[in-house]
Amino acid sequence: MTTNIDNAGAPTAAGTTDSVTPVSGTTDHRTGPWHDPALTPEARADALIAAMTLQEKTAQLVGVWVGASDEGGEVAPFQHDMEEAVALDDLLPHGLGQLTRPFGTAPVDPAVGALSLARTQERIAGANRFGIPALAHEECLAGFAAWGATAYPVPLSWGATFHPELVREMAAAIGRDMRSVGVHQGLAPVLDVVRDARWGRVEETIGEDPYLVGTVATAYVRGLESAGVVATLKHFAGYSASRAGRNLAPVGMGARERADIILPPFEMAVRESGVRSVMHAYTDTDGIPSAADGQLLTGLLRDTWGFAGTVVADYFGIAFLKTLHGVAGTFGEAAGAALGAGVDVELPTVKTFGGPLAEAIAEGRVPEALVDRAVRRVLVQKAQLGLLDAGWRPKPLVLDGVADGSTGADSEALRGTVRLDTEENRALARRVAEQAVVLLRNDGTLPLAAGAGAPARIALVGPNADTPTAVLGCYAFPVHVGGQHPDTPLGIELPTLREACAAQFPHSEIVTARGADIDGPETGGFGEAVDLARGADLVILALGDRAGLFGRGTSGEGCDAESLALPGVQQQLLDALLDTGTPVVVTLLAGRPYALGRAVDEAAAIVQSFFPGEEGTTAIASVLSGRTAPSGRLPVGVPRHPGSQPATYLAARLGHSSDVSSVDPTPAYGFGHGLTYTAFEWSDLVVGCGRTSTEGEFTLSCTVRNTGAREGTEVVQVYLHDPVASVVQPVQRLIGYVRLGLDPGRTARVRMTVPADLASFTGREGHRIVEPGDLELRLSASSTDTRLTARVTLTGPVRTVYHTRRLHMGIATEILTDAP
């Protein structure tokens, strides 16, 4: 489902606006320069601000959490245990900045929900004297979080594709669906870099490397924004570095870790994507909460990087300055601290930017100029979205043809007329899922024959073998909201792994046993599973996670892990099946990497997927059969031992294994690892320019040839190793990558230009510098598999670089007719 977007990003469908009851004692302003699209958004915002009362201005800085009506009536305020009741009749005469999650609060038919939202927007615009509607936002971490919308793979799977352009295409499809029903802003992507895989929100991240995170997230933003939807970078900054991997715990990192690991993805997205919103993080770093960090939200984000959009609060994050962080004594003080730091919009609902802020301004504790600064940014964005245009109407295109003032009976006629899970969407979800599947181990058992040579009897065992929602992360609608409405259908088709394997292997008898629950302690099901395994030619063992929120799952927000052992008794089930002697293919549908014990050395194969979405089981079965060649690469390393966290491939030398510690953090499978069903030969490294100044660049090239009998994808990863630096550096870090799809016998020549800027890091004085000296450029198949090494040298003085430095190496590929 798509909608046409005009040049301002506003829906072009027609509609009407109800009559207006102006605020008592004020003049109605249905006309004015703010409605003139010929003026710049900034000029329109300034004209509006000059005509607004303080209460009208602060009203644009808050949202209200609502739920669309499944009968087509106006939205209803959603009550949450962290907020008081909201009286819309009291708020709306002054205006309203945002509507929080009208589709993502309860199941609602998309067409009926669009009607409900449109009617509400008519009411909002009609109730304030300037005719300003609200901006509606939704979650879109793994697709539009609405009933019946496509559930795409989670962001960790985006990272596993190493394919930004595919992620951009996916995001554009998500954005079109959101815009088609009247949504303006999406709360994604997450740019947090994984620092401890025990953190429950690992599934929402793109990976453990800032360059991978930055490139994939930037592509996602471009896709979402291309559909006229405001993307929101989150969580700015440091949320993923919380101590012990606990959700919303303090962050203890130093300035250099923050500058060189946490911030680069945000900087890349701000500089390159056109992003229009940023969400502050919940956490504090070294005692300073992000919501009150002016150096971060204003000094760095705006003054240095040039960001001009809005900064929105993570839900209840401003109130947390008082209730959790203890840096504000009242909600008014919290509002002033957040406004002063650079937060523009309070979400999800009015708490501190309402009465407490007004009181603080009246008492002279918060200057009104801070409100003017914030509301200008909000109004500029509304002008950009077309929400201030004189001809603006609330109806999106999905409601084109619906009569104004339609009755409840009309809403029933709309039900089922809008599809947010089209065949095109499903095909795209399948492509992303297929390219995100990572083959970790294979002793030659895979691919399995799907025809006459297929295994006669396959034992499909495990807690995720026959569970429809095993493919979904915690922000997918059927998990995030649907679990609270068990009598409501899922809204989308979710084939189980059993169903997918039955379709992929029609000549095999497939027998199933659960064996164990995801996180339960019971082993009573082991006997049946072992018996099936002994009587089968092959075992496919489906292990992993159950997504949930705040302890209701093994992965997801607030579902942090004490160790990276498989949840429950899954490791014991795995060991029991290995003991049968029947070949075991381990498949993982999970939100984080887990230690796999004996499977690393004894399993016939290991297939890793990270909550691969509604087409995920089809993608896994396709990889098992070889219909799809595996091409995913690990965005996070898989640990060998469950208790070795926190660990990351970006560790300095002291972070690697040594003789002076009994804890070995060496992964079983490192970042970037992934096998194929063919073989590649890397050769002919040529360093065209191996010596350059600290402001120059290196050039090098190599040949990659598919020497196997099958088509396959190699991901050429370039890592930089700096053996001697003035501050401690990671042993290596990713600075570039490229996917190469090659037919059997075909050869590609890869040419790279590496600017010296990519060797920069934060020095002792806190500035980003490039130092002279020797470097290694490692051309690798993963962080643990270097194929070719170019030794190069930087000369000249230490050079300070700024936020205009080059962020990417140049990579060009040429498919050769014959091997050179």
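We number each residue from 1, following the sequence as shown.
For the 3.5 Å distance criterion, the side chains of D466 and T496 qualify, holding a donor opposite an acceptor. With 3.5 Å as the limit, one finds no donor-acceptor pair spanning the side chains of Q572 and T523. In summary, the side chains of Y475 and E203 do not present any donor paired with an acceptor at a separation below 3.5 Å, with no hydrogens or angles considered. Between the side chains of E499 and T617, no donor-acceptor pair of N or O atoms lies under 3.5 Å. Checking S563 against Q645 by side-chain atom types alone, no donor-acceptor pair falls below 3.5 Å. Under 3.5 Å, the side chains of Q185 and Q98 contain a donor-acceptor pair of N or O atoms.
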Review point. Are S240 and V194 close enough, and set up right, to give a side-chain contact (heavy atoms from CB on, under 4.5 Å), and what steps lead you there?
Key: CA-CA 6 Å; S240 60; V194 176; 5.9 Å; no

Practice item. Let me see the working for V154 and L141 under side-chain contact (heavy atoms from CB on, under 4.5 Å), right down to the final yes or no. Key: CA-CA 7 Å; V154 298; L141 268 169; over 6 Å; no

Review point. Given V461 and I540, is the side-chain contact (heavy atoms from CB on, under 4.5 Å) satisfied, shown in steps?
Key: CA-CA 6 Å; V461 177; I540 298 175; over 6 Å; no

Exercise for review: Start with the C-alpha distance between E225 and R276, add both sets of side-chain angles, then the distance that settles salt bridge (Lys or Arg N to Asp or Glu O under 4.0 Å), and finish with yes or no.
Suggested key: CA-CA 8 Å; E225 292 274 358; R276 288 182 282 176; 2.7 Å; yes

Exercise for review: Apply salt bridge (Lys or Arg N to Asp or Glu O under 4.0 Å) to the pair D560 and R198, showing each step before the final yes or no.
Suggested key: CA-CA 6 Å; D560 311 312; R198 295 173 297 178; over 6 Å; no

Check your understanding: Does the salt bridge (Lys or Arg N to Asp or Glu O under 4.0 Å) test come out yes or no for R426 and E423, once each step is laid out?
Key -> CA-CA 5 Å; R426 291 195 74 97; E423 290 303 316; 5.6 Å; no

Review point. Stepwise, does the side-chain contact (heavy atoms from CB on, under 4.5 Å) test hold for I620 with V437?
Key: CA-CA 7 Å; I620 292 170; V437 174; 4.3 Å; yes

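Between the side chain of E614 and the main chain of A151, a donor-acceptor pair closer than 3.5 Å is present. Formation of a donor-acceptor pair under 3.5 Å by the E122 side chain with backbone atoms of P394 is not found in this model. Looking only at distances, no side-chain donor or acceptor of D70 sits under 3.5 Å from a matching main-chain atom of V108. With N425 contributing its side chain and L420 its backbone, the two residues share a donor-acceptor pair below 3.5 Å. Side chain of T120 to backbone of S116: a donor-acceptor contact under 3.5 angstrom is found. Checking side-chain atoms of H280 against main-chain N and O of S290 turns up no donor-acceptor pair under 3.5 Å. Using modelled atom types, no side-chain atom of W158 and backbone atom of L166 make a donor-acceptor pair closer than 3.5 Å. With hydrogens and angles disregarded, a donor-acceptor distance shorter than 3.5 Å links the side chain of K382 to the backbone of P133. No donor-acceptor distance shorter than 3.5 angstrom exists from the side chain of T469 to the backbone of L472, with no hydrogens or angles considered. Within the 3.5 Å criterion, the main-chain N or O of V378 finds no donor-acceptor partner in the side chain of T310.
Below 30°, between 30° and 60°, or above 60°: for F320 and Y282 the angle between ring planes is between 30° and 60°, a tilted geometry.
A salt bridge does not link D400 to K395: none of the charged side-chain nitrogens sits closer than 4.0 Å to a carboxylate oxygen. Under 4.0 Å is where a charged nitrogen must lie from a carboxylate oxygen, and between E169 and R431 at least one such pair does. Note on R415 versus E412: salt bridge recorded, some NZ/NE/NH1/NH2 to OD/OE distance being below 4.0 Å.
Between Y239 and the options D192, N247, T283, a side chain to side chain donor-acceptor pair (under 3.5 Å) holds for only N247. Screening L543, D519, L573, T554 for a side chain to side chain contact (heavy atoms under 4.5 Å, CB included) involving L566 leaves a single residue, L543.
Going from atom SG of C140 over to atom CD1 of I174 covers 6.5 Å, rounded to the nearest 0.5 Å. The OG1 atom of T232 sits 11.0 Å away from the CG atom of L191 when rounded to the nearest 0.5 Å. Rounding to the nearest 0.5 angstrom, the gap separating the CD atom in E522 from the CZ atom in R514 is 10.5 Å. Note: T587 OG1 to Q608 CD = 10.0 Å, rounded to the nearest 0.5 Å. To the nearest 0.5 Å, atoms CH2 (W65) and OH (Y315) are separated by 5.5 Å. C501 SG to L460 CG: the interatomic distance, rounded to the nearest 0.5 Å, is 5.5 Å.
Nearest heavy-atom pair across A237 and A281 is N-CB, 3.6 Å. Residues A313 and L347 approach most closely at O-CB, 3.6 Å, considering heavy atoms. Between V569 and P521, the shortest heavy-atom contact is CG1-O, 3.5 Å. The two residues P635 and F610 come nearest to each other via the heavy atoms CD-CE1, 3.9 Å. When every heavy atom of P486 is checked against every heavy atom of G483, the shortest pair comes out as CD-O, 3.9 Å. Of all heavy-atom pairs spanning C474 and A547, the tightest one is N-CB, 3.5 Å.
For K234, the salt bridge (charged side-chain N to carboxylate O under 4.0 Å, His left out) partners two or more places apart in sequence, or in a different chain, are E139. Not a single ring-ring contact (aromatic ring centres under 6.0 Å, His included) links F353 to another residue, sequence neighbours left out. By the ring-ring contact (aromatic ring centres under 6.0 Å, His included) test, H325 is found to be paired with no residue, residues two or more places apart in sequence or in another chain being considered.
Using a 4.5 Å heavy-atom cutoff, the side chains of L156 and T205 are in contact. Looking at heavy atoms from C-beta onward, W199 lies out of side-chain contact with R592 at the 4.5 angstrom threshold. With contacts defined as side-chain heavy-atom distances shorter than 4.5 Å, the pair R101/V481 qualifies. The side-chain heavy atoms of T100 and H137, taken from C-beta on, include a pair separated by under 4.5 Å. Using a 4.5 Å cut-off on side-chain heavy atoms (C-beta onward), Q60 and L96 make no contact. Residues L99 and I124 form a side-chain contact, since some pair of their non-hydrogen atoms from C-beta on lies under 4.5 Å apart. Side chains of F103 and V183 form a contact here, defined as non-hydrogen atoms less than 4.5 Å apart. In this structure, P567 and D545 have side chains that are in contact, with non-hydrogen atoms separated by less than 4.5 Å.
A 6.0 Å sphere centred on CZ of R246 holds no more than 12 heavy atoms belonging to other residues, nucleotides or ligands.
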